[in-house]
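Proteins come first, then strands; the chains are lettered A, B, ... in the order of their sequence lines, and each starts at number 1. Computed from a predicted model, the values in this text were never measured in an experiment.
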Amino acid sequence: MDEGLSAAVRKVFIDWYRAGLIYRGNRLVNWDPVLGTAVSDLEVNNVERDGHMWSIRYMATDGAASLVVATTRPETMLGDVAVAVHPEDPRYAHLIGHTLHLPLTGRQIPVIADDYVDKDFGTGCVKITPAHDFNDYAIGQRHKLPPITIFTLDAKVNDNAPEKYRGLDRYEARKAVLADLEAAGLLVETKAHKLQVPVSQRSDAVIEPMLTDQWFVDLTSDVQTDGRPGGRKAITEPALDAVRSGEIRFVPENWTNTYTQWLDNIQDWCVSRQLWWGHRIPAWYDEAGNIFVGEDEADARAHAATAPVGALRQDEDVLDTWFSSALWPFSTLGWPADGPVKNERGEVVANWQQDKIFLPSAVLVTGFDIIFFWVARMVMTTKYFTGKIPFREVYINAIVRDAEGQKMSKSKGNTLDPLDLIDGIALEPLVEKSTRSLLIPQVRAKVEKRIRKDYPDGIPAIGTDALRFTFAALASYSRTINFDIKRAEGYKAFCNKLWNAARFVLMNLPEGQIAAPQGLPATEAERWILTRLKQTLAEVEQHFVSYRFDHLAQALYEFVWNEYCDWFLELSKPALNGDDAAAAASTRHTLLVVLESVLRALHPVTPFITEEIWKDVGPKLGLTEGSLIHRPWPKADDIVADHAATGEIEWFKNVLSGIRKIRSEMNISPARTIPLLFADGDASDHARVTKFAAQISFLARTETPQWIEVGTDEPASAAAVVGALRVMIPLAGLIDLEAEKARLAREISRIEVEIRKCEGKLGNANFVANAPAEVVAQERQRITDWNTTLAALREQAGKL
RNA sequence: GGGUGCUUAGCUCAGCGGUAGAGCGUCGCCCUUACAAGGCGGUGGUCGUAGGUUCGAUCCCUACAGCACCCA
């Protein structure tokens with residue numbers, strides 16, 4: 001173990017001990033009889049198991065009466081010290097204060113009254129075994145009944161029990177006890193019962209509550225007997241306040257409740273473990289059992305109030321692993337040394353004097369499953385020992401589950417190795433790998449079956465960037481992520497798309513650097529894509545601030561694919577190949593500039609592919625950083641918006657989509673060049689058609705568009721409507737007249753539905769009176785637009 | 001028992017008071033000179049159930065159901 005961190009652990013233990021905040025006590029703890037160690041409450045899982053509820057009769061010593069207790073653990077009766085009933089239970093009021101024969105033991109125990117007892121559960125009588133049940137322990141304390149431990153540390157019956165049961169395992173003892181009760185006629189009833197069984201997280205062994213000597217951190221007392229502050233005041237409350245006051249913020253916010261609720265109900269922290277690895281507890285005992293705590297034996301002696309009796313012996317136990325983890329925020333910065341900390345090669349690895357400025361750090365990223373284990377305890381120790389909070393924000397990420405929503409775990413064989421997702425793996429090796437460590441044949445068969453069903457072709461190679469992008473895209477505020485490989489495959493396609501877009505841009509550039517054009521970019525398409533880039537970057541920045549990586553990934557995905565690739569790259573083709581040299585030069589530069597900004601924005605999410613592409617892109621812009629990671633973050637503010645251009649391009653997209661839709665629905669081959677006519681429309685439509693004629697022809701594969709003058713005959717055509725403009729494709733030889741009529745009819749009825757919805761709203765006096773003016777205005781605008789479209793569609797239908 | 005979430009298209013998930021969205025799947029046409037890991041165009045949802053608040057509810061409130069997790 002690293003000496004610097006060991007020093008931190010020792011100092012914390014010793015300081016807390018000398019402040020009266022760590023104590024050694026004989027307490028009931030969660031004992032793992034397989035590992036032979038105490039474990040903390042947090043390391044115990046309660047699982048539902050099928051068991052039994054046994055009813056046992058205890059006879060009163062006066063011979064007149066008896067009562068029946070119900071229990072799920074009959075063997076613990078060997079350690080019973082009383083039977084409790086509810087003080088207001090009329091059935092048993094007459095027995096309170098009497099004594100009972102405890103069967104099989106020859107002991108006598110009292111009947112006591114305690115309102116912990118639930119009158120309606122079982123028989124209303126509860127056997128009290130303080131040494132092996134937490135609730136019973138509390139009752140025992142209240143009634144000053146000394147506990148009787150009946151198990152050894154490996155859960156076998158000990159010498160406090162009658163001889164016949166000694167040495168039996170707790171479950172063998174159960175059988176023996178039941179058999180003897182049965183024989184004595186005292187077993188009244190046996191019935192099936194579902195019960196909560198405490199199970200050790202690490203060993204899966206059933207926990208046995210056991211009275212042992214352990215070390216505890218006081219987190220619950222307000223004030224010590226000598227007047228010094230107790231653990232609640234000194235440790236727990238400052239940690240609560242740090243979050244309650246907003247000094248530390250959880251993202252998503254609702255985890256604040258989880259944190260505060262736990263701290264509000266916290267118990268003292270059992271920090272000793274009977275394991276052979278870990279930080280050894282810096283405590284020594286003399287032959288009289290006195291405790292000496294210190295850096296080492298000499299220090300411990302020096303700080304002792306009394307002289308030790310005989311030789312000192314160090315505690316064999318080690319500290320809970322979370323004890324040292326709790327110190328991470330400051331132990332890693334060199335604390336408790338007050339200067340440079342060197343490693344074994346003499347290199348300075350930390351220096352508290354300098355490094356403490358990194359406290360608090362900005363953010364801790366972690367899973368909600370260790371909010372108690374780790375987050376809360378870091379806050380406690382950091383506040384106590386440095387007076388500062390450890391971090392300002394705690395981002396709680398979701399936990400990844402398999403496609404069926406099951407928590408991934410090695411014992412279930414449903415884990416996915418990230419490397420297998422990145423590189424791909426064939427079915428057989430995947431099956432072998434997933435079942436290799438499974439020892440139970442039934443589980444093995446089940447896992448194999450599931451894998452063959454879920455991944456019949458193995459796992460395709462997703463790639464590092466695509467996997468990273470996938471997790472970003474899945475990182476919403478929800479608490480679980482059901483991992484679906486299909487989603488990752490989609491994002492793999494995105495990486496491919498980006499790669500190909502870059503190839504297109506680069507292959508269209510001449511040798512050498514690409515200079516920026518004088519003044520504004522020459523074309524509206526450029527000014528539009530720059531405006532959209534500006535908006536996207538602004539959005540991305542917001543999503544970083546709010547930790548919405550899913551929205552961030554989505555925004556960049558949409559910009560790259562749906563706008564840059566689908567529209568700008570396509571629009572650049574006529575510009576690059578057209579006659580306007582200035583437009584071509586300007587477009588080349590804009591293609592490059594937007595790509596370079598996108599690479600920067602995507603770099604945190606897809607670091608490798610962006611870096612690789614940038615190696616070619618950066619130099620073309622004369623950038624000197626040499627590596628994408630050295631480039632500054634792209635700022636929305638650095639880009640000039642042009643909203644007029646946006647309007648122009650939106651119009652263009654509508655016209656083009658209209659033509660494409662007709663082509664597709666009328667089954668006109670994409671390769672075929674078709675005639676194109678425009679009719680009606682306003683002055684701006686005329687100007688736009690003139691401006692975009694070449695691009696429309698190029699991208700829609702049409703002949704040069706022609707206008708139909710008002711009043712002249714027009715050929716039967718299929719038409720799309722954009723505002724008041726009719727975009728028409730003559731039918732002759734291309735289109736089925738009936739099919740077009742049907743298509744128009746569908747379109748008309750769809751719009752009529754929309755109009756009726758609008759009319760319904762606007763016809764409602766309450767809506768007009770109560771809704772905000774802008775909502776009403778928006779509704780009026782919509783109905784106007786729909787009516788314009790409808791009129792154009794009807795005119796077109798009439799012409800057929 | 002206490003608590004916290006979730007329930008939206010076939011699947012995985014966004015949206016959370018004012019025209020229901022994405023990816024994958026699916027259907028049709030296309031190997032069009034960056035990309036078939038692609039292009040273009042479709043299909044698909046009374047937003048768990050029942051009440052309530054509101055001019056208006058997938059969104060807010062209440063109850064219920066189902067699922068998940070946390071703490072006893």
(message) Check the orientation of A/F469 and A/Y491. Use parallel for under 30°, tilted for 30 to 60°, and perpendicular for over 60°.
(response) tilted
(message) Once you apply a heavy-atom cut-off of 4.0 Å, does A/A671 come out as touching a base, just sugar-phosphate, or nothing?
(response) nothing
(request) May I ask you to decide whether A/D616 forms a salt bridge with A/R503, counting only side-chain N to carboxylate O separations under 4.0 Å? (result) no
(message) In this structure, how many angstroms lie between the P atom of B/C11 and the CZ atom of A/R487, rounded?
(response) 15 Å
(message) To the closest 0.5 Å, what do you measure between CZ (A/F692) and OG1 (A/T523)?
(response) 8.5 Å
(request) Starting at atom CG of A/N500, determine the distance to atom P of B/A36, rounded to an integer number of angstrom. (result) 7 Å
(request) For A/D32 and A/S200, work out which heavy atoms get closest and say how close. (result) OD2-OG, 2.8 Å
(request) Take atom C1' in B/C13 and the same atom in B/G17, then report the distance between them in whole Å. (result) 22 Å
(request) Measure from the side-chain heavy atoms of A/Q261 and tell me the nearest of B/C70, B/A34, B/G3. (result) B/G3
(request) Quick one: the dot-bracket string of RNA chain B, using Watson-Crick and G-U wobble pairs with both distances under 3.5 Å, [ ] for crossing pairs and | for bases paired to another strand. (result) ((((((((.[[[[.)..(..]]]].(((((.......))))).....[[[[[..)....]]]]]))))))).
(request) Look at all strands and tell whether A/Q267 reaches a base, only sugar-phosphate, or nothing, counting heavy atoms closer than 4.0 Å. (result) nothing
(request) List the steps, then state whether side chain to side chain donor-acceptor pair (under 3.5 Å) holds for A/S40 with A/E43. (result) CA-CA 5 Å; A/S40 79; A/E43 293 165 289; 3.2 Å; yes
(message) Mind checking if A/Y557 touches a base, just sugar-phosphate, or nothing, with heavy atoms under 4.0 Å?
(response) sugar-phosphate
(message) Once you apply a heavy-atom cut-off of 4.0 Å, does A/R548 come out as touching a base, just sugar-phosphate, or nothing?
(response) sugar-phosphate
(message) Under 4.0 Å, heavy atoms only, any strand: does A/R660 hit a base, just the sugar-phosphate, or nothing?
(response) sugar-phosphate
(request) Quickly work out the A/I266 CD1 to B/C70 C1' distance and round it to whole Å. (result) 15 Å
(request) Tell me which of A/N496 and A/E570 sits closer to the 5' end of RNA chain B, going by the nucleotide each one is nearest to. (result) A/E570
(message) Taking donor-acceptor contacts at under 3.5 Å, does the side chain of A/K486 reach the base of B/C11?
(response) no
(message) Between the base of B/U33 and the side chain of A/R701, is there a donor and acceptor pair under 3.5 angstrom?
(response) yes
(request) Rounded off to whole Å, could you give me the CZ-to-C1' distance for the A/F767 and B/A57 pair? (result) 14 Å
(request) Mind calculating the distance between NZ (A/K573) and P (B/U32) to the nearest angstrom? (result) 12 Å
(request) Send over the distance from A/N562 CG to B/G41 P, rounded to a whole Å. (result) 11 Å
(message) Quick check: A/Y259 with A/W255 (ring centres under 6.0 Å apart)?
(response) no
(request) For the residue pair A/R663 and A/R672, establish whether any side-chain heavy-atom pair is separated by less than 4.5 Å. (result) yes
(request) Tell me what A/R503 touches on the nucleic acid: a base, only sugar-phosphate, or nothing, going by heavy atoms under 4.0 Å. (result) sugar-phosphate
(message) Regarding A/S476, tell me which of base, sugar-phosphate or nothing describes its non-hydrogen contacts under 4.0 Å with the strands shown.
(response) sugar-phosphate
(message) What is the distance, to the nearest angstrom, from the CZ atom on A/F494 to the P atom on B/G23?
(response) 12 Å
(message) I want to verify a distance call: between B/G39, B/U12, B/A34, whose nearest atom is closest to the A/D566 side chain?
(response) B/G39
(request) Give A/L569 one of three labels, base, sugar-phosphate or nothing, depending on what nucleic acid heavy atoms sit under 4.0 Å from its own. (result) base
(request) Can you tell me the distance, in whole Å, between the CG atom of A/D264 and the P atom of B/C71? (result) 16 Å
